[in-house]
Engineer: 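One structure coming up, written as structure tokens, with questions to follow.
Small disclaimer: the values here were computed from a predicted structure and weren't measured. Side chains are part of it too, since the values below use all heavy atoms of this structure and drop only hydrogens, waters and symmetry mates. Here is the naming used below: chain letters follow the sequence lines, and residue numbers restart at 1 for every chain.
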Number of protein chains: 2
Amino acid sequence: MSNEPPATHTAPGVTPKASYHHGDLRAQLIAAVQDLVELHGPDGFSVAEAARRAGVSSAAPYKHFKDRHEILRGVVSEAMDRLRAAMEAGAAAHPRGSFEAVSAVGLAYVNFARAEPGVFRLVFSLTEGHENAPDLLAKGENCFGVVVQAVADRLALSPSNPEVQRRAYLLWSFVHGHSFLTIDMKTKVASAEINDWDYLMTISHAILGAPIKA
Amino acid sequence: MSNEPPATHTAPGVTPKASYHHGDLRAQLIAAVQDLVELHGPDGFSVAEAARRAGVSSAAPYKHFKDRHEILRGVVSEAMDRLRAAMEAGAAAHPRGSFEAVSAVGLAYVNFARAEPGVFRLVFSLTEGHENAPDLLAKGENCFGVVVQAVADRLALSPSNPEVQRRAYLLWSFVHGHSFLTIDMKTKVASAEINDWDYLMTISHAILGAPIKA
DNA sequence: GAGTTATGTGAGGGCTGCTAACTTTAACAA
DNA sequence: TTGTTAAAGTTAGCAGCCCTCACATAACTC
């Protein structure tokens, strides 16, 4: 459940690869599942196949995860870390408090969805057994927190300000919806012709540029 | 694949229930799957369970659907019909060209997601074998078409006008994102305190009320 | 009524999730 | 060094699922 590397019984200074029976199966399983999800969609994966890819028997994964759901939660947890890092990096690449910083957070989000549509979808399709995963909830909050922070910087208000939260949520809805629609392509519509950056800047201005309350 | 009732070999005037072995299994299977998806999520359904609910053997469904995927496509197709009808009804309940009409379309969307989160999620998580389903693509376009029409009415422009399409897409991405976020509740955030109607009116004004291009 | 087609059944193969009982390896302590 | 213990792997196997096949039977056509 934790994301620190196992490394429990490997002497320090020894490469963790040659340490034990397998090395670090846990991480390798997660990587395999990530690949599979990306290949065949969130439900097109199997523990057996992941084990096969890692070169172990089909029962081995259950020494590290109690459930197939727990493996998925592991993948999601790891993905959320990457997503948050990307969003933070996006914000950091622009002047604090600029529209660009806000847009960059959104762009990181959309880019993540485009780069890993399977995993992205998985992150938001985890309904089974996600109640018992307060860590995932917390990571979700953290991701949202990046948006909130960027908005707060832009508006020069506290992140806890309700108006900041409200507008951050508005922004997030747009970005989230756009991300899903682009990877779904359920309709090819204008979405193909949309320039993400222009879109995000437009939205940022519309939501943060002026008082919204009509 | 079509959504007209089977009714192939039932003499007219006879109740379709007592007509044949089962009656109309196809529709009943779809209904059963709908229930199951709502109960256990998009991937928590099984053909066998659906057959059990319909009171037939586990092989019977394959006389009506070639695949488990085809059953799901049937559910999605039916759901899209309902969704579009709801959106149209929403628009029709307000003066043509009003902000309210636009918002009502969005509200119907959000309400659908809230009422049937499992099915709603399924509609947008069908990646497997949805390429061979041009009818679903078309229905998706039709749904978007309702938004486009409402926006076109509001702006007094043609639905084919690129600016109309662009703004309709903006609106749609917001509504879509908001819908998903509310049913996910991955973060309980401010979203719980949100009044959908106020939100939609706010957004409609922000996107359609004035020229957006800064 | 005869033939054809549509719709059902049961049996079964192959895959999956997961458990149980066992074996091997690493880590640790005396 | 050596014996104990716990972690991490193995094989075997059950139950459940998807889907196919061979077969049975009801309904429609003529």
Engineer: Distances under 3.5 Å between protein N/O atoms and the N/O atoms of nucleotides 11-14 of chain D, please, pair by pair.
Structural biologist:
none

Engineer: Where is the tightest heavy-atom contact between Y109(A) and S179(A), given as atom of each residue plus distance?
Structural biologist: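 Closest heavy-atom pair between Y109(A) and S179(A): CD2-OG, 3.5 Å.
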Engineer: Take atom CD of E70(B) and atom P of dC19(D), then tell me their distance rounded to the nearest Å.
Structural biologist: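 The answer, rounded to whole Å, is 11 Å.
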Engineer: Does dA7(D) have OP1 or OP2 under 4.0 Å away from a side-chain N or O of H64(A)?
Structural biologist: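 No, no such contact exists.
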Engineer: Roughly how far apart are E100(A) CD and H94(A) NE2, rounded to 0.5 Å?
Structural biologist: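 So the gap between those two atoms works out to 6.5 Å.
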Engineer: In whole Å, I'd like the distance from the NZ atom of K66(A) to the P atom of dG17(C).
Structural biologist: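 So the two atoms are 15 Å apart, to the nearest Å.
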Engineer: CG of L25(A) versus P of dT25(C): gap in Å, rounded?
Structural biologist: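 From L25(A) CG to dT25(C) P: 16 Å.
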Engineer: Any non-hydrogen side-chain atom of F45(A) less than 4.5 Å from a side-chain atom of E38(A)?
Structural biologist: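 They are not in contact (no side-chain heavy atoms under 4.5 Å apart), so the answer is no.
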Engineer: Would you say E88(B) and Q149(B) are linked by a side-chain donor-acceptor pair, where the criterion is simply a distance under 3.5 Å?
Structural biologist: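 Distance-only check fails for Q149(B) and E88(B).
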Engineer: Would you check if the distance from the ring center of H176(B) to the ring center of F180(B) is below 6.0 Å?
Structural biologist: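 Centroid distance H176(B)-F180(B): below 6.0 Å, so yes.
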Engineer: Rounded to whole angstrom units, what separation is found between the CG atom of L29(A) and the P atom of dG17(C)?
Structural biologist: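 Atom-to-atom, L29(A) to dG17(C), this comes out as 12 Å.
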Engineer: Just the rounded figure in Å: distance from C1' of dT10(D) to NZ of K63(A).
Structural biologist: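 For the pair K63(A) NZ and dT10(D) C1', the rounded distance is 9 Å.
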Engineer: Just by modelled atom types, is the N142(B) backbone N or O under 3.5 Å from a matching donor or acceptor in the R84(B) side chain?
Structural biologist: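 Looks like no, no N/O pair under 3.5 Å.
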Engineer: Below 6.0 angstrom between ring centroids: does that apply to H178(A) and Y169(B)?
Structural biologist: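 Yes, the ring of H178(A) comes within the 6.0 Å limit of the ring of Y169(B), centre to centre.
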Engineer: Contacts to DNA chain D from residues 40-56 of chain A, heavy-atom cutoff under 4.0 Å, which residues?
Structural biologist: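 The stretch gives V56(A) as the residues lying under 4.0 Å from the strand, ordered by number.
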Engineer: With a 3.5 Å cut-off and no angle check, do the side chains of Y199(A) and S173(B) form a donor-acceptor pair?
Structural biologist: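 There is such a pair (donor and acceptor under 3.5 Å, judged by atom type) between the side chains of Y199(A) and S173(B).
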Engineer: Starting from P on dG16(D), measure out to CZ on R68(A) and report it in whole angstrom.
Structural biologist: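 The answer, rounded to whole Å, is 17 Å.
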Engineer: Take atom CZ of R82(B) as the centre, draw a 6.0 Å sphere, and report whether it contains more than 12 heavy atoms from other residues, nucleotides or ligands.
Structural biologist: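 Count over threshold, so yes.
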Engineer: Rounded to the nearest Å, what distance is computed from the CZ atom of residue R26(B) to the P atom of nucleotide dG8(C)?
Structural biologist: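 After rounding, the reported distance stands at 13 Å.
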Engineer: Can you measure I71(A) atom CD1 to dG17(C) atom P for me and round it to whole angstrom units?
Structural biologist: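 Between P of dG17(C) and CD1 of I71(A): 8 Å.
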